[in-house]
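Below, each value reflects all heavy atoms present in this structure, side chains not excepted, and no hydrogens, waters or symmetry copies. Because the structure is predicted, anything quoted here is derived from the model rather than measured. When a ligand or atom number is given, it counts from 1 through the structure's own listing order. We number each residue from 1, following the sequence as shown.
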Amino acid sequence: MAVEPLSQKDVEVRLQELPGWAVDGDRITRTYSFDGHFQAAAMVIHIAQIQEELNHHADVMLGYNTVSLAVNTHSAGGKVTELDVQLARRVEAVASGHGAR
Ligand SMILES: C[C@H](O)[C@H](O)[C@H]1CNC2=NC(N)=NC(=O)C2=N1
């Protein structure tokens, strides 16, 4: 399925529903904070499961008690598409269950 890059306005409108997500260059990004390292690591595993299900993958960085994501769509020339927004929505939907802030 060919996916088209979203306009800057399109991205801004979609991020209004995604608290904490932001545009950074040609990517959308989010950093979650946790009470400890294991909670953060468990979130990384869940993100990996979602990404494999969607076949869409962000750059994910695990810190002491943080998890950061940055994503765009490689097949759309490294621009933000609906696939990135879909991934953000899926991750956002499980974050609170992991105690993410
Ligand atoms: C072959 C495989 O389906 C593709 O490389 C998928 C994998 N994950 C991906 N992730 C992201 N962010 N962009 C892509 O274009 C992409 N393509």
Side-chain angles (χ1 to χ4, degrees):
M1 173 183 75
V3 282
E4 296 300 317
L6 295 172
S7 69
Q8 185 173 342
K9 178 67 177 171
D10 286 343
V11 175
E12 287 168 5
V13 166
R14 286 157 178 75
L15 293 197
Q16 287 170 5
E17 310 158 21
L18 289 164
W21 286 82
V23 176
D24 178 11
D26 279 333
R27 303 188 298 178
I28 58 173
T29 64
R30 173 71 150 101
T31 296
Y32 295 99
S33 297
F34 300 84
D35 289 339
H37 191 59
F38 273 111
Q39 293 94 323
M43 178 73 169
V44 170
I45 298 301
H46 201 163
I47 290 168
Q49 177 187 20
I50 292 168
Q51 292 186 146
E52 283 296 284
E53 179 190 327
L54 297 179
N55 189 32
H56 200 71
H57 305 81
D59 291 340
V60 181
M61 184 173 72
L62 172 64
Y64 159 61
N65 65 341
T66 59
V67 174
S68 297
L69 298 92
V71 63
N72 60 27
T73 301
H74 313 148
S75 59
K79 301 295 184 185
V80 176
T81 72
E82 289 290 359
L83 296 176
D84 305 304
V85 175
Q86 179 186 40
L87 174 60
R89 287 177 177 146
R90 288 288 303 275
V91 171
E92 200 63 26
V94 304
S96 60
H98 284 271
R101 298 183 290 281

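Residue contacts with ligand 1: Thr73 is placed with no nitrogen or oxygen under 3.5 Å of a nitrogen or oxygen of the ligand (distance criterion only). Distances between N or O atoms of Asp84 and those of ligand 1 include no value under 3.5 Å.
Looking only at protein heavy atoms, the nearest one to atom 8 (N) of ligand 1 is His57 ND1, 2.8 Å. The protein heavy-atom contact nearest to atom 3 (O) of ligand 1 is Asn55 ND2, 2.6 Å. Atom 16 (C) of ligand 1 has as its closest protein heavy atom His74 ND1, 4.0 Å.
Across His46, Arg30, Met43, a single residue satisfies side-chain contact (heavy atoms from CB on, under 4.5 Å) together with Val91, and that is Met43.
Between Val23 and Leu15 the shortest side-chain heavy-atom distance falls below 4.5 Å. Side-chain contact check for Gln51 versus Leu87: some heavy-atom pair is nearer than 4.5 Å.
Shown in contact with Ser75 at under 4.0 Å from a heavy atom are these atoms of ligand 1, numbered in order with element: 15 (O). Ligand-side atoms of ligand 1 in range of Asn72: 11 (C), 12 (N), 13 (N), range being under 4.0 angstrom from any heavy atom.
A donor-acceptor contact under 3.5 angstrom links the side chains of Glu12 and Gln8, judged on distance only.
Within the 4.0 Å heavy-atom cutoff, Leu83 does not count among the residues contacting ligand 1.
Note that atom 13 (N) of ligand 1 has protein non-hydrogen atoms nearby, at separations under 4.0 angstrom. When distances from atom 1 (C) of ligand 1 to the protein are checked, no heavy atom turns up under 4.0 Å.
By the 4.0 Å N-to-carboxylate-O rule, Lys79 lies too far from Asp84 to be salt-bridged with it.
Minimum interatomic distance between Gly78 and Asn72 (heavy atoms only, all atoms of both residues): O-ND2, 2.9 Å.
At a threshold of 4.5 Å between side-chain heavy atoms, the hydrophobic network of Ile, Leu, Val, Met, Phe, Trp and Tyr places Val80 and Val3 in two separate groups.
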